[in-house]
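To find a chain, count down the sequence lines: A is the first, B the second, and so on, and within it residues start at 1. Every heavy atom of this structure was used, including side-chain atoms; hydrogens, water molecules and symmetry mates were not.
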There are 2 protein chains.
Amino acid sequence: MRPTLQTVADAVGVSRSTVSNAYSRPDQLSGDLRDRILSAAADLGYAGPDPTARSLRKRRAGAIGMLFTASLSFAFTDPYAVQYLRGLAEAAEQARTGLLLLPLSDEDESAAVAAVNDAVVDGFCVYCMPDWHPALDAIAARGLPVVSGQRRAGDGPLSAFVGIDEAAATRAAGAHLMALGHRRVAVIGDYLSVAPMIGPTTLASPADVAYYGSRERLRGYQEAFAAGGVDWSTVTTVNVPGNCRRDGAAAAAHLLDRAPRPTAIAALSDIVALGVLDALRARGLRPGRDVSVVGFDDIPEAEAEGLTTVHQPAADRGRRSGELLLNPPTDPADRTVVLPTHLVVRATTGPAQS
Amino acid sequence: MRPTLQTVADAVGVSRSTVSNAYSRPDQLSGDLRDRILSAAADLGYAGPDPTARSLRKRRAGAIGMLFTASLSFAFTDPYAVQYLRGLAEAAEQARTGLLLLPLSDEDESAAVAAVNDAVVDGFCVYCMPDWHPALDAIAARGLPVVSGQRRAGDGPLSAFVGIDEAAATRAAGAHLMALGHRRVAVIGDYLSVAPMIGPTTLASPADVAYYGSRERLRGYQEAFAAGGVDWSTVTTVNVPGNCRRDGAAAAAHLLDRAPRPTAIAALSDIVALGVLDALRARGLRPGRDVSVVGFDDIPEAEAEGLTTVHQPAADRGRRSGELLLNPPTDPADRTVVLPTHLVVRATTGPAQS
DNA sequence: GAGGCGTACTGTATCGATTTAGAGAAGTTC
DNA sequence: GAACTTCTCTAAATCGATACAGTACGCCTC
């Protein structure tokens, strides 16, 4: 049987409380007795107060839970997500708090709900979840502080927002394309359709997209295009199932292998945009000359490959999220943090070639 | 006051146990009563059993703890570490288990010990810690399963090893350099010295290094060099404080800006090796011609830049670690997993120029 | 030597659940 | 109709700690 506080207390002949104090409040007892207690504990193989029992009593877990959209392991393949995690980890570390990455199987939503309900945490951080996901309701029900990068109807007093003005960001990118004279434009993004397929979607309006980020970004493009006289009905939107380079290339194929091909392709993430560049090169097309490409995120690879993109502060987003979660502001106004973004024009955009 | 099982039980007029059963063992009560309980719970804003109390009673946390060497946030800047984490996350996800990243401040060891003692987890995974770190003792004292990539004296029956034959890996790399005729060789690595400085170390023997990985890799080089007739006393070893490209370049400066410079530089990680390449280029020296460079890890960037390096399966290491931790093998022989490595010869190594 | 005060420790209640043994009622079998 | 199941549900014990009120006792003061 594993030794407990009581075991040690019995061995030394003191009360359980005193043994507890020996560990947690050394000033509450004489140094002599404390030494006797600790050495008895060592003899018995007692490793110190059980963290679970302590958490229960203290009503504090010492960790924050992180909920990702796709599978957890996916988070480590996406450079943007890694940066975000890095910022979050910094904030957690600063506060001497752990970071619990919740398992979130893609197939089974109830598993995600169970993960939320079983998480021993003091708060949640939500990265990129579809609005309808039941795990979000489970989080709300837990009654713990939540920070997310997506606004959502019914956000309670414990929830905060740390993010960017997604629509404004793509509005700037779209205006850039319009100014260059592009009129046959297309958009590639993840989670545009519910089904995990690669190909054009039938999307009457950006409002139909279930993911906050993709929806807002799409809306920004819609508005910018409209301002340039391009009706949304003429814009092809292509879905990619995963945020990866290969899928981006495959999606681009749907646009490039049919006439007339678009003169500009906007991708909702850099990874996908880089895939588009791959597809262009595979066809002997020159990015920025034959077809313009815009990304989103500004990951390091984007700079290396000269990708025009929207810069957003990934690590800051994570860090601010963590900070807000760990010391929730009293003033409701401080519960919304909108970080700046800016368009970075590089080599992959240029004047439209008719 | 937050509602508990008792609150709900009182409202419905049943016992606490029955409410518990309504959530955890639906077959133990009539469907009718269960519905009444759940709806009462919903009315009261009760979100279901408290995870901490449940963990205490069940003696299961539903998470595994991850302990990294440097600061937690560092883990997200190192491509190798990210791959490792990805593998670990996959295994955790498969088992529907969370992954708790422990805060581990570099300055304050006692904070790391506290983090270990406060971690509500079912086991620990150790990535790269110095042998002397007190957190390792704290982990051992917890009496939970541990998987690490470093062998350590006093590993108990609950500990397992998943790693590579570090020394054999660098022995192969060293033999490669010897075969190319290099005799003036140097090694750059992190954690070679205790002090976090950039510069040559006074290292009588690889055995003096506190980190398992660096120590073993260094030993492999020592053996390979000895086989080529190069005495260890003629080998300059240079320490880098962080595993980053800039520090690698700065460390290389110590070797390149003095005569005679080495004809080959072995780095204990790819990141550092890439920094060495930067330093070479900054001086107009050609990697593989003027100076040969070898890395370790085989991260994606290594391939892109033509770096000769030792390939090790990063994600596999993480995945196998997770698997071993989540279902500990009964047979002690299965508690040691040594994954294969191989030398990848690319463009940064070539015949020695006298 | 009565009163006041600080130190060092004890004992009990509490945190919020799960588990086990078993009570009581209803139905089944011989 | 006695014996046996089966189905529901309950009471009490348990998990391992912390918080807090309370007590014993020595010391100081006047």
Side-chain angles (χ1 to χ4, degrees), chain A residues 1-38 40-41 44-62 114 117-122 141-144, chain B residues 1-38 40-41 44-62 114 117-122 141-144:
Chain A
M1 200 191 98
R2 280 166 36 84
T4 72
L5 270 193
Q6 186 69 64
T7 318
V8 179
D10 293 346
V12 182
V14 295
S15 81
R16 184 158 68 233
S17 327
T18 304
V19 180
S20 173
N21 282 335
Y23 285 94
S24 312
R25 306 156 106 188
D27 57 310
Q28 294 290 309
L29 70 172
S30 64
D32 176 50
L33 178 56
R34 176 157 192 262
D35 291 343
R36 264 171 43 226
I37 289 175
L38 294 186
L44 290 165
Y46 177 72
D50 180 284
T52 313
R54 166 181 287 186
S55 278
L56 174 61
R57 185 67 239 237
K58 288 201 156 173
R59 310 213 55 67
R60 185 193 125 85
N117 284 328
D118 285 350
V120 179
V121 295
D122 299 316
R142 286 278 310 257
L144 294 174
Chain B
M1 200 191 96
R2 280 166 36 83
T4 71
L5 272 192
Q6 186 69 64
T7 319
V8 178
D10 293 346
V12 182
V14 296
S15 80
R16 185 160 70 229
S17 332
T18 304
V19 180
S20 173
N21 283 334
Y23 284 95
S24 311
R25 303 159 138 198
D27 58 311
Q28 295 290 307
L29 69 173
S30 62
D32 176 51
L33 178 57
R34 175 158 193 262
D35 290 344
R36 264 172 42 227
I37 290 175
L38 294 186
L44 291 165
Y46 178 72
D50 179 285
T52 311
R54 165 181 285 185
S55 278
L56 174 61
R57 183 64 237 240
K58 289 201 153 173
R59 310 215 57 68
R60 185 194 124 84
N117 284 328
D118 286 351
V120 180
V121 295
D122 299 316
R142 287 275 313 255
L144 294 174

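Separation of atoms CZ (R59(A)) and CG (D50(B)) is listed at 6.0 Å; rounding is to 0.5 Å. Within the model, atoms OH of Y23(B) and CG of L5(B) stand 8.0 Å from one another, a figure rounded to the nearest 0.5 Å. Going from atom OG1 of T4(B) over to atom CZ of R16(B) covers 7.5 Å, rounded to the nearest 0.5 Å.
Note that the first and last nucleotides of DNA chain C, 5' to 3', having any atom under 4.0 angstrom from a heavy atom of chain A are dC9(C) to dG16(C).
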I would like to know whether D118(B) and R60(A) meet salt bridge (charged side-chain N to carboxylate O under 4.0 Å, His left out); could you show each step before the answer? CA-CA 10 Å; D118(B) 286 351; R60(A) 185 193 125 85; 5.9 Å; no
Set out, in order, the CA-CA distance, both residues' side-chain angles and the distance that settles side-chain contact (heavy atoms from CB on, under 4.5 Å) for V12(A) and V19(A), then state yes or no. CA-CA 9 Å; V12(A) 182; V19(A) 180; 5.7 Å; no
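Going from atom CG of D27(B) over to atom P of dT8(D) covers 10 Å, rounded to whole Å. Between the CZ atom of R16(A) and the P atom of dC15(D) there is a distance of 11 Å, rounded to whole Å. The nearest whole Å value for the distance from the CZ atom in R54(B) to the P atom in dC15(D) is 19 Å. When rounded to the nearest whole Å, the span between CZ of R57(B) and C1' of dC15(D) equals 5 Å. Regarding R36(B), its CZ atom lies at a distance of 12 Å from the C1' atom of dC9(D), rounded to whole Å. Between the OH atom of Y23(A) and the P atom of dT18(D) there is a distance of 11 Å, given to the nearest Å. Distance, K58(A) NZ to dC15(D) P: 22 Å, rounded to whole Å. In this entry the distance linking CZ of R60(B) with C1' of dG16(D) reads 19 Å, nearest Å.
In this structure, S55(B) reaches neither bases nor backbone, as no heavy-atom distance under 4.0 Å exists between it and the strands shown. Within 4.0 Å (heavy atoms only), S17(A) reaches at least one base atom of the nucleic acid. Among the heavy atoms of the strands lying under 4.0 Å from L29(A) are primed sugar atoms or P, OP1, OP2 only; no base atom is included. Residue-level contact check: S30(B) touches the backbone only, with heavy atoms under 4.0 Å from sugar-phosphate atoms and none from bases. Counting non-hydrogen atoms under 4.0 angstrom, Y46(A) reaches the backbone sugars and phosphates but no base. R59(B) comes within 4.0 angstrom of the backbone, heavy atoms only, and of no base. Across all strands shown, L56(A) has heavy atoms under 4.0 Å from base atoms, whether or not it also approaches the sugar-phosphate. Backbone-only engagement by G48(B) is indicated by non-hydrogen atom pairs under 4.0 Å involving sugar-phosphate atoms exclusively.
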Just distance, no hydrogens or angles: give the donor-acceptor pairs under 3.5 Å from side chains in residues 24-38 of chain A, sequence neighbours left out.
{"residue": "S24(A)", "atom": "OG", "partner": "S20(A)", "partner atom": "O", "Å": "3.4"}
{"residue": "S30(A)", "atom": "OG", "partner": "L33(A)", "partner atom": "N", "Å": "3.4"}
{"residue": "R34(A)", "atom": "NE", "partner": "A22(A)", "partner atom": "O", "Å": "2.6"}
{"residue": "R34(A)", "atom": "NH2", "partner": "A22(A)", "partner atom": "O", "Å": "3.3"}

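Note on S15(B): a side-chain N or O is less than 4.0 Å away from OP1 or OP2 of dT10(D).
In this structure, the side chain to side chain contact (heavy atoms under 4.5 Å, CB included) partners of N117(B), at least two apart in sequence or on a different chain, are V113(B), A138(B), R142(B).
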